[in-house]
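In what follows, a structure is listed as structure tokens, so that the remarks can point back to it.
Counting starts at 1 for both ligands and their atoms, in listed order. Atom set for the values below is all heavy atoms of this structure, side chains included, hydrogens, waters and symmetry mates excluded.
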Amino acid sequence: MKGVSVRGISKSFGNGAVLQNVSFNAEAGEFVTIVGPSGCGKTTLLRIIDGLEEGDFGEVRIGDRKVGGPARECAFVFQADSLMPWRTVFDNAKLGMELRKQDLASNKDRLQELLQLVGLGGYEKYYPRQLSGGLRQRVNLARALAVDPDVLLMDEPFAALDAQTREIMQKELLRIWATQQKTVVFITHQLDEAVYLADRVLVMGRKPGVIADDISVPFDRPRELSLKRTKEFGQLVERIWGTIETVIRETGGI
Ligand SMILES: Nc1ncnc2c1ncn2[C@@H]1O[C@H](COP(=O)(O)OP(=O)(O)OP(=O)(O)O)[C@@H](O)[C@H]1O
Ligand SMILES: [Mg+2]
């Protein structure tokens, strides 16, 4: 298990600065969520952690290793459905392993166990078109977990799901994470999702993107969905809303 250390990352594209001196640590096994207004650089930050994009300044470390180029320790789960329609659930789930040239024969049982773990037992031979949105995101999660990454990078993975399915997936993700010992960096626009999942919530400001606040979430685990309906939970969400409102006011519009 390895943690993530982001140190002094700045990044500009042609149209100006996107990230400015962003630093934070995610300890090994920690679940960190990132919230912030649209365009503040969340996806860019995640891509830099993954080594898909390079910072202009600063560095990212995963464990002791400095990231330069695509990081093998990381696996990415996107918002968009990135399944291949002509492949079955099983074949989609093994795609990441194929791309990394991991031995499939010796990992077949493990992949089967993973599909069980994410709730896809019995769906191995289904095609994506035969699955609901929630099930499709479970396949994406299985694919990411299959390469046994130290770090899961998740960019609004549940954004396209309806409210009930989304809640179920949040609870499922926590259950799965509890068995898997992964460091998670998870981006969301939904504050209750950010608080429910996280050990820590980072609030990003923008123009350019900075970490405006770093909030520890005190609730015990395992967490029931009913936690979201408690007063303490509501108060923490309110506090984060306040920070985001300030950020938006200070940086103008949304
Ligand atoms: N490859 C690129 N080339 C030029 N500009 C880019 C590129 N990638 C991102 N940007 C710009 O960087 C800024 C931050 O984009 P990014 O996608 O990281 O924001 P975000 O916080 O993830 O937004 P959202 O919440 O809407 O997903 C935006 O202004 C975007 O247009
Ligand atoms: Mg984004």
Note the single closest protein heavy atom to atom 31 (O) of ligand 1, along with its residue, its atom name and the distance in Å. Asn15 ND2, 4.3 Å
Could any protein non-hydrogen atom be found less than 4.0 Å from atom 6 (C) of ligand 1? yes
Can you label the angle between the Phe31 ring and the Trp177 ring as parallel, tilted or perpendicular, going by 30° and 60°? perpendicular
Please examine the side chains of Lys182 and Glu30, heavy atoms only from C-beta on, and report whether any two atoms are closer than 4.5 Å. no
Is there a path of hydrophobic side-chain contacts, each under 4.5 Å between heavy atoms, that joins Val151 and Leu141? no
Just to be sure I read this right, does ligand 1 sit under 4.0 Å from the backbone of Glu156, its side chain, both, or neither, counting only heavy atoms? side chain
For atom 23 (O) of ligand 1, grab the closest protein heavy atom and report residue, atom and distance to one decimal in Å. Gly39 N, 2.9 Å
Does the side chain of Gln112 pick up a donor-acceptor pair with the side chain of Glu124 at under 3.5 Å? yes
Tell me the contacting part of Thr43 for ligand 1: side chain, backbone, both, or neither, using a 4.0 Å heavy-atom threshold, strictly below. both
How far is atom 15 (O) of ligand 1 from its nearest protein heavy atom, and which residue and atom name does that atom have? Thr44 OG1, 3.8 Å
Identify, for atom 19 (O) of ligand 1, the protein heavy atom at the shortest distance, and state residue, atom and that distance. Gly41 N, 3.3 Å
The Mg ion (ligand 2) contact by Thr43, N, O or S atom under 2.8 Å: yes
N/O separation below 3.5 Å, Lys42 to ligand 1: yes
Can you see whether Asp155 engages Thr43 through a side-chain donor-acceptor pair at a distance of less than 3.5 angstrom? yes
Report the nearest protein non-hydrogen atom to atom 26 (O) of ligand 1: residue, atom name, distance rounded to 0.1 Å. Ser38 OG, 2.5 Å
Identify, by atom number and element, the atoms of ligand 1 in contact range of Val18, meaning under 4.0 Å from any of its heavy atoms. 12 (O), 13 (C), 14 (C)
Assess the side chains of Thr188 and Glu193: does a donor N or O sit below 3.5 Å from an acceptor N or O? yes
Looking at Arg138 and Val118, would you say the former's side chain and the latter's main chain have a donor-acceptor pair under 3.5 Å? yes
Do Ser5 and Asn25 have side-chain atoms, one donor and one acceptor, less than 3.5 Å apart? yes
Regarding ligand 1, does Gly36 bring an N or O atom to under 3.5 Å of one of the ligand's N or O atoms? no
Taking atom types as modelled, find out whether Ser82 and Arg143 have a side-chain donor-acceptor pair closer than 3.5 angstrom. yes
Nearest-neighbour protein heavy atom for atom 9 (C) of ligand 1, which is reported as residue plus atom name and distance: Phe13 CE1, 3.4 Å
For His189, state whether at least one heavy atom is located under 4.0 Å from any atom of ligand 1. yes
